[in-house]
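A note on names: the letters A, B, ... follow the listed sequences, proteins ahead of strands, and every chain is numbered from 1.
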Amino acid sequence: MKKEPKPLVKMLAYAFLVLAVLFSIYPVWFAFLASVRPGQRLYTLNLTGMFLPTEFTLENFRVLLFEKDFLLWARNSLFVASLTTIACVTLATSGAFAFSRFRFKGREAGLILFLAVQAFPGVLSLVPIALLLYRLGLFGSHWGLILAYSTGSLVFTTWNLKGYFDTIPIDLEEAAMIDGCGPVQSFIRIALPLARPALAVTALFGFMGGWNEYVMASVLLVGQADKYTLPIALAQLANDIQVPWGLYAAGALLVSIPVLVLFLWLQKYLESGLTLGGVKG
Amino acid sequence: MGVTYRGLRKYLVVLFFIAPTLLGVLVLSVFPILFNVYISFTNRNTYHYQQFQLTAENRAAYLEEHPHGAFVWDVICPVFPAVCCSPDTMGVYCIQRPFYQNYVRLFQDLFTVASLLSLGRLLLAILPLIGVAIASGQVHKRMVSPPATGWWWLVAAAASIGLWYLLKGQAALDQLFDTGSFFVVMFRTILYVVACIPFFFLFGLILALVLNNDWLRGKGIFRVLIIVPWAVPSYISALIWQFFFRSEHGTINQLLGAIGIQGPSWLQQPALAFFAVVLVNIWMSYPFFMVIILGALQSIPQEQYEAAEVDGANWWQKLTRITLPLLRPAVMPAIVLSSITTFQMFNTVWLITGGGPIRGAGMPGATEFVMIHAYKQVFQSRNDGLIGAFAVIVFIILFAATLYSMRLTRITKGAYE
């Protein structure tokens with residue numbers, strides 16, 4: 001076991017973490033304050049009001065949850081994001097495993113192709129994607145959106161997982177192969193459990209890709225209010241005259257909660273060196 | 001593992017793993033790009049937007065004009081109808097004559113002769129410095145006991161300063177900035193990427209290292225609170241930050257005012273506006289890097305550290321000799337790909353500064369990065385052909401940069417190669 005560091009080092013570490021947390025959450029806390037303030041204002045001239053809720057109402061949350069179709073939008077988003085996550089993790093893992101573990105002709109070319117795809121301004125792919133989904137009969141449906149999202153995140157997630165597989169010593173899988181495992185078996189039973197931290201990252205990334213995306217959803221689901229995902233639905237709350245800040249802020253907070261819950265659940269995979277257990281076990 | 005499988009069998013296994021991934025990328029990522037390239041050669045815009053119809057009537061007209069064109073009509077046109085019509089046709093989009101006309105127009109707009117000359121003068125002025133950099137690099141690589149190259153730099157610097165005055169470097173610089181040259185936009189965008197990425201990595205790394213300690217309490221809570229910026233929809237957080245930076249009633253200036261400091265007008269001063277968009281981008285991205293690095297740290301075998309400790313390594317040596325090299329393959333993709341997305345950043349910057357502040361009409365603003373410039377200058381023309389051509393140019397520039405960075409960082413290689 002590692003020895004405990006000096007108290008001073010510990011204190012510095014905690015201080016740094018507290019600062020980072022403040023930096024991270026103050027803007028969001030600010031949004032929270034706006035969401036519980038009566039009226040649709042983002043700002044307050046009251047100095048305490050910038051740190052603590054001086055007036056308190058849950059009116060914005062009530063309107064959002066019960067007068068708007070928030071729950072429907074949330075269900076749509078959840079459906080799209082979870083299927084995106086599953087598709088993204090499955091596709092990325094198998095591709096990344098092949099790129100990392102096999103040496104074949106066209107391997108480097110394939111990796112470079114993946115990077116090249118990313119170098120193209122994504123917004124400009126929208127029209128061809130819409131056209132393609134239209135031809136496939138998936139335009140305006142959640143399935144089309146899922147398809148677009150999961151392939152959209154695929155490039156990064158494949159690269160990221162490939163990078164992670166590269167850091168796992170190949171010896172374990174070779175040992176398994178010598179003991180008679182096939183490639184699929186050694187992939188599922190050895191490589192996947194070892195790659196759990198990266199799978200957690202991939203899952204989170206895939207989920208975010210489906211959950212918080214705005215531009216593509218607004219094009220591919222145009223005019224179908226019952227299919228809206230949360231980001232477009234929230235944006236639609238604003239009219240031309242004013243931004244309903246209270247509702248916006250409340251919506252932003254509600255949208256963030258599932259992501260944070262997912263991360264809470266996934267973060268146990270970001271603990272403890274896995275290869276350690278693997279090698280010694 | 002290549003040891004076990006050879007020939008056809010190996011390829012079948014590889015195909016099994018890679019085919020779904022590759023298919024997805026080919027259909028929904030590569031096809032849109034190719035389609036865009038195709039559109040970039042056409043005159044598609046608000047007046048020419050329909051697809052050319054391959055009717056018998058049109059076929060007859062086409063064959064009259066091209067007596068040997070039957071093959072083209074029957075084989076190429078079903079896939080690319082725009083090849084077979086003339087750009088004068090009403091309402092229909094067709095390949096331009098010459099087909100690269102959009103590119104010529106875009107190049108003339110983006111790279112004017114005057115700005116190319118100015119850029120050439122500037123490059124010529126720093127040529128001695130570049131020469132010495134390359135030469136000394138080669139000398140250090142090839143020679144066993146390289147000579148001291150310090151005085152080379154002195155000579156080169158003197159030569160550069162001389163050339164700067166001779167070629168009127170200042171005037172060239174002014175010309176570039178004053179005419180709203182695309183080079184300036186490119187330069188600012190690169191500066192933006194260079195200002196952002198190291199902080200993403202550094203903040204993410206430090207936090208991940210601190211959070212990876214066994215003795216730390218409340219890890220779970222710290223981690224969740226730190227990734228909050230990633231979870232909030234980015235257009236809402238961009239609007240919140242925009243509000244923070246306002247000069248009147250903006251949160252930052254209100255807080256500064258409370259302790260008696262008159263805050264600056266953040267978004268009206270070039271340097272401060274640039275700082276603001278860098279800060280917001282860091283705020284949005286460092287949680288992501290923290291998570292990636294936290295994941296990557298798990299793959300480093302604890303034995304490596306134990307062995308290093310036995311050999312008496314201090315924490316700095318452990319960081320630079322074990323942690324960083326072993327993180328490289330897992331973190332490099334994130335760095336390269338977020339460099340690309342930062343280069344192409346539009347939404348966040350647009351919502352905060354709108355590309356401004358500008359010094360005068362016709363000059364690009366201090367935060368007018370490539371995609372914002374494109375939006376202002378090209379996209380609003382609703383000329384799809386021109387937009388496509390712009391996308392292709394951005395693509396070529398970024399892809400070349402990516403390939404070059406791959407050579408530097410060897411990211412296609414594994415950690416143990």
In terms of heavy-atom proximity below 4.5 Å to chain A, should B:F222 be classed as side chain, backbone, both, or neither? both
For B:D384, is it the side chain, the backbone, both, or neither that has a heavy atom closer than 4.5 Å to a heavy atom of chain A? neither
Is chain A contacted by the side chain of B:R217, its backbone, both, or neither, given a heavy-atom distance below 4.5 Å? both
Contact part of B:I397 toward chain A, heavy-atom cut-off under 4.5 Å: side chain, backbone, both or neither? neither
Counting heavy-atom pairs under 4.5 angstrom with chain A, the leader among B:I39, B:I18, B:L209 is B:I18
Would you compute the distance between atom OG1 of B:T402 and atom CD1 of A:I112 and round it to the nearest 0.5 angstrom? 10.5 Å
With a 4.5 Å limit on heavy-atom distance, are the side chains of A:Y214 and B:P233 in contact? no
Quick check: closest heavy atoms across A:A116 and B:F399, and the distance to 0.1 Å? CB-CE1, 3.3 Å
Distance-only, no hydrogens or angles: does the A:Y14 side chain make a donor-acceptor pair with backbone N or O of B:L216 under 3.5 Å? no
Please name the pair of heavy atoms, one in A:I25 and one in B:L225, separated by the smallest distance, quoted to 0.1 Å. CG2-O, 3.4 Å
Okay, side chain of A:T151, backbone of B:V25: is any donor-acceptor separation there less than 3.5 Å? no
What's the spacing between A:Y149 OH and B:L28 CG if we round to 0.5 Å? 13.0 Å
With a 4.5 angstrom heavy-atom cut-off, which part of B:V27 approaches chain A: side chain, backbone, both or neither? both
Over 60° means perpendicular and under 30° means parallel, so tell me whether A:F205 and B:F288 are parallel, tilted or perpendicular. tilted
If you take all heavy atoms of A:A98 and B:V14, which pair is closest and at what distance? CB-O, 4.4 Å
Just wondering, do A:K162 and B:P333 contact through their side chains at under 4.5 Å, heavy atoms? no
Under 4.5 Å heavy-atom distance to chain A, tell me which part of B:F346 shows up: side chain, backbone, both or neither. neither
Heavy-atom closest contact (B:T21 atom, A:S94 atom, distance): OG1-OG, 3.7 Å
Would you call the rings of A:F187 and B:F17 parallel, tilted or perpendicular, where under 30° means parallel and over 60° means perpendicular? perpendicular
B:I292 side, atom CD1; A:T202 side, atom OG1 - distance, nearest 0.5 Å: 7.5 Å
Side chain to side chain donor-acceptor pair (under 3.5 Å) involving B:R223 - partner list, sequence neighbours excluded: A:Q267, A:E271
B:Y286 and A:F23 aromatic centres sub-6.0 Å: yes
Walk me through it: do A:F114 and B:L22 pass the test side-chain contact (heavy atoms from CB on, under 4.5 Å)? CA-CA 9 Å; A:F114 273 46; B:L22 201 61; 3.8 Å; yes
Is there side-chain contact between A:W159 and B:V336, with at least one heavy-atom pair below 4.5 Å? no
For the CG atom of B:L337 and the CG atom of A:L115, what is their distance to the nearest 0.5 Å? 6.0 Å
Under 3.5 Å, is there a donor on one side chain and an acceptor on the other for B:T251 and A:Y26? no
Is any side-chain heavy atom of B:V291 closer than 4.5 Å to a side-chain heavy atom of A:F263? yes
Output the option from B:A401, B:P229, B:A208 having the highest count of non-hydrogen pairs under 4.5 Å with chain A. B:P229
CZ-OG distance between A:F120 and B:S29, expressed to the nearest 0.5 angstrom: 11.0 Å
Considering non-hydrogen atoms only, spot the tightest contact between A:T167 and B:P329 and give its length. CG2-CG, 3.7 Å
Donor-acceptor under 3.5 Å (B:W283 side chain, A:S24 main chain): yes
Could you give all pairs that pass the side chain to side chain donor-acceptor pair (under 3.5 Å) test and reach residues 228-238 of chain B, with sequence neighbours left out? none
Shortest non-hydrogen contact between B:A231 and A:M208, atoms and distance: CA-CE, 4.1 Å
B:V210, part contacting chain A, at a heavy-atom distance under 4.5 Å: side chain
B:M284, part contacting chain A, at a heavy-atom distance under 4.5 Å: neither
Are the side chain of B:Q344 and the backbone of A:A119 linked by a donor-acceptor contact shorter than 3.5 Å? yes
Of B:I340, B:V232, B:L294, the largest count of non-hydrogen pairs under 4.5 angstrom with chain A goes to B:V232
Nearest 0.5 angstrom please: B:L327 CG to A:Y164 OH, how far? 10.5 Å
If you count heavy atoms of other groups shown closer than 6.0 angstrom to CG of B:L403, is the number above 12? yes
Heavy-atom check, side chain of A:Y248 versus side chain of B:I240, under 4.5 Å: no
